[in-house]
Structures are given as structure tokens and as C-alpha cells.
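First comes the structure, then the notes that go with it.
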Amino acid sequence: VWRRTAANTRVATEPDVGVAAFTMLAIDILAAVAILQGIVTLLDGIRAARHMRTFRPVGRRSGRAMVICPCKGIDREFDENVRSILDQDYPSYAVTFVVESEEDEAYAALKRLGAKNVLVAGRASTCGQKVHNLAYAVRLVEADIYVFCDSDARFPRTWLSKLTATLGPETVATGYR
């Protein structure tokens with residue numbers, strides 16, 4: 001610590017031991033609190049991860065499910081994503097893919113992948129193309145449960161069963177993120 005003398009020169013002085021000790025104590029306490037908070041967060045994260053790995057929905061929703069998937073173009077993972085939608089472990093479901101036109105490259109890819117129900121919704125004029133495609137499909141299909149998803153996501157085989165297992169009297173579920 002430095003102080004100025006009457007001649008305006010700097011002279012070294014002894015530091016205030018009380019202030020330094022208090023400052024170090026405060027820093028130690030804050031460090032201890034931060035470490036404790038980190039440990040609690042880590043333990044809570046481990047607990048949550050364990051729960052997510054072992055979570056099994058209690059109920060199982062029955063009824064015919066219709067998965068509606070609007071598509072536009074294809075990306076690098078398109079084939080695998082579509083296969084994951086077509087290969088669900090749900091006992092009674094169908095998949096309807098919806099494109100704007102037969103010229104959309106997704107249309108040919110879906111046919112090549114063996115998709116049985118590919119609808120052509122036409123060009124949207126009053127809303128976005130995705131909303132238009134979904135509304136078009138909902139008007140044409142019948143199901144107990146309607147599930148909406150995107151073609152740019154890959155789903156585990158149990159996705160549809162887990163998604164619908166906790167439904168009550170509602171009949172709409174979504175895979176949108």
C-alpha cells in the first residue's frame with residue numbers, strides 16, 4: 001500500500017491487516033458457496049439423467065394414431081429420418097406425408113422409400129406452406145390420435161408409444177420442438 005507525503009512523494013506503508021483478512025475471508029466464503037452450488041447442480045443433473053433413462057410411462061394410450069409429416073425438399077439425413085417415422089413400435093398407426101407438389105424432390109424420395117400415403121396439398125395462398133400442408137392432411141385423414149412431426153428429425157423406435165402414453169382424453173400430440 002502506498003501513501004503520499006506532504007512533499008507529494010510516495011512512501012510504502014504497512015497494509016491494513018484487518019481489511020486484508022476480512023477480504024480473504026469473504027472470498028473464501030464465496031468460493032465455498034460456488035463449489036457447493038456446483039456440487040448440488042452436478043448431483044441434480046445425475047439424478048435427472050437417471051430418471052430420463054429409466055422413465056417408462058405408466059399408461060398406454062390405445063387407438064389408431066395418424067402421424068402427419070409435412071415435407072419440402074430433402075436433406076442429407078432425409079432417408080434415415082423418414083425410416084425412423086415409418087418404423088415405430090406403436091401397435092396401430094399410419095403415416096401421412098404431405099408435399100406441395102409432385103415436383104418436390106421429397107415426393108420421389110418418399111415413394112422410393114415405400115411411403116404408402118403421400119398427399120399433394122398444392123401451393124399455399126392464405127398461410128404458410130407447412131400450415132397449409134398440415135391442414136390439408138387433417139381434412140383428409142381419420143384417426144383417434146393425430147401426431148405431427150417434421151421430416152428433419154430422427155425419432156427413436158419408441159417415440160410414438162412414449163408420446164401418446166400419457167395422453168388423457170385429448171387426441172392431439174406433437175413432435176414439434
Side-chain angles (χ1 to χ4, degrees), residues 38-177:
I39 291 170
V40 169
T41 302
L42 175 66
L43 293 175
D44 192 47
I46 291 170
R47 183 196 57 78
R50 187 175 299 129
H51 172 72
M52 286 186 268
R53 276 195 309 274
T54 61
F55 174 72
R56 300 289 181 263
V58 176
R60 182 160 189 120
R61 175 75 178 193
S62 61
R64 181 154 170 76
M66 177 61 68
V67 178
I68 300 174
C69 183
C71 301
K72 183 172 179 72
I74 59 174
D75 59 21
R76 189 170 47 91
E77 310 263 328
F78 185 81
D79 290 5
E80 292 81 12
N81 297 343
V82 168
R83 283 189 195 103
S84 77
I85 297 167
L86 293 171
D87 186 34
Q88 292 294 306
D89 71 350
Y90 192 83
S92 176
Y93 82 103
V95 181
T96 298
F97 294 97
V98 193
V99 296
E100 176 185 330
S101 72
E102 290 182 4
E103 285 74 40
D104 187 328
E105 56 188 320
Y107 182 84
L110 291 165
K111 291 296 188 178
R112 177 178 45 79
L113 291 168
K116 292 180 176 69
N117 195 11
V118 182
L119 300 178
V120 178
R123 186 148 183 85
S125 60
T126 60
C127 61
Q129 189 65 47
K130 183 176 187 177
V131 172
H132 175 73
N133 288 1
L134 291 170
Y136 181 81
V138 167
R139 284 193 302 269
L140 296 178
V141 299
E142 296 255 340
D144 300 316
I145 303 167
Y146 294 89
V147 179
F148 305 100
C149 68
D150 280 332
S151 64
D152 66 348
R154 184 158 321 145
F155 303 98
R157 195 163 192 281
T158 58
W159 166 72
L160 187 55
S161 294
K162 286 183 177 180
L163 183 67
T164 59
T166 57
L167 289 177
E170 301 82 23
T171 56
V172 178
T174 181
Y176 289 125
R177 39 196 198 279

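Keep in mind that the numbers below use all heavy atoms, side chains included, and drop hydrogens, waters and symmetry copies.
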Extract all donor-acceptor atom pairs below 3.5 Å that involve side chains of residues 108-119 and protein atoms in other chains or at least two apart in sequence.
unit_1	atom_1	unit_2	atom_2	d
Arg112	NH1	Asp79	OD2	3.2
Arg112	NH2	Asp79	OD1	3.3
Arg112	NH2	Asp79	OD2	3.4
Asn117	ND2	Thr96	OG1	2.8

Quick one: does Tyr90's side chain have a donor or acceptor within less than 3.5 Å of a partner on Arg64's backbone? no
Over all heavy atoms of both residues, which pair between Pro70 and Asp150 is shortest? Give the atoms and the distance, please. CG-OD1, 4.4 Å
Set out, in order, the CA-CA distance, both residues' side-chain angles and the distance that settles side chain to side chain contact (heavy atoms under 4.5 Å, CB included) for Ser84 and Trp159, then state yes or no. CA-CA 9 Å; Ser84 77; Trp159 166 72; over 6 Å; no
Identify the heavy atoms of Phe78 and Gly73 that sit nearest to each other, and give their distance. CE1-O, 3.9 Å
Minimum-distance pair of heavy atoms, taken over all atoms of Ser101 and Val120: CA-CG1, 3.6 Å
Between Cys127 and Ala124, the two heavy atoms sitting closest are O-CB, 3.3 Å
Exercise: identify the closest heavy-atom pair between Ile85 and Cys69: CD1-SG, 3.9 Å
Decide yes or no on side chain to side chain contact (heavy atoms under 4.5 Å, CB included) for Cys149 and Val67, but give the supporting numbers first. CA-CA 7 Å; Cys149 68; Val67 178; 3.7 Å; yes
Got a sec, which residues hit salt bridge (Lys or Arg N to Asp or Glu O under 4.0 Å) with Glu105, two or more places apart in sequence or on another chain? none
Examine distances only and state if a side-chain atom of Glu100 and a backbone atom of Lys130 form a donor-acceptor pair shorter than 3.5 Å. no
About how many Å separate OG of Ser151 and CD1 of Ile74, when rounded to the nearest 0.5 Å? 10.0 Å
Salt bridge Arg157-Asp87, side-chain N to carboxylate O under 4.0 Å: yes
Could you give the side-chain donor-acceptor pairs of residues 131-143 under 3.5 Å, partners two or more places apart or in another chain?
unit_1	atom_1	unit_2	atom_2	d
His132	NE2	Ala121	O	3.0
His132	NE2	Gly122	O	3.4
Asn133	OD1	Gln129	NE2	2.8

Mind running side chain to side chain contact (heavy atoms under 4.5 Å, CB included) on Tyr93 and Thr164 for me, showing each step along the way? CA-CA 11 Å; Tyr93 82 103; Thr164 59; over 6 Å; no
So, taking the atom named CE in Met66 and the one named CG in Asp144, what distance separates them when rounded to the nearest 0.5 Å? 10.5 Å
Test item: Tyr107 side-chain N/O and Val99 main-chain N/O as donor-acceptor pair under 3.5 Å: no
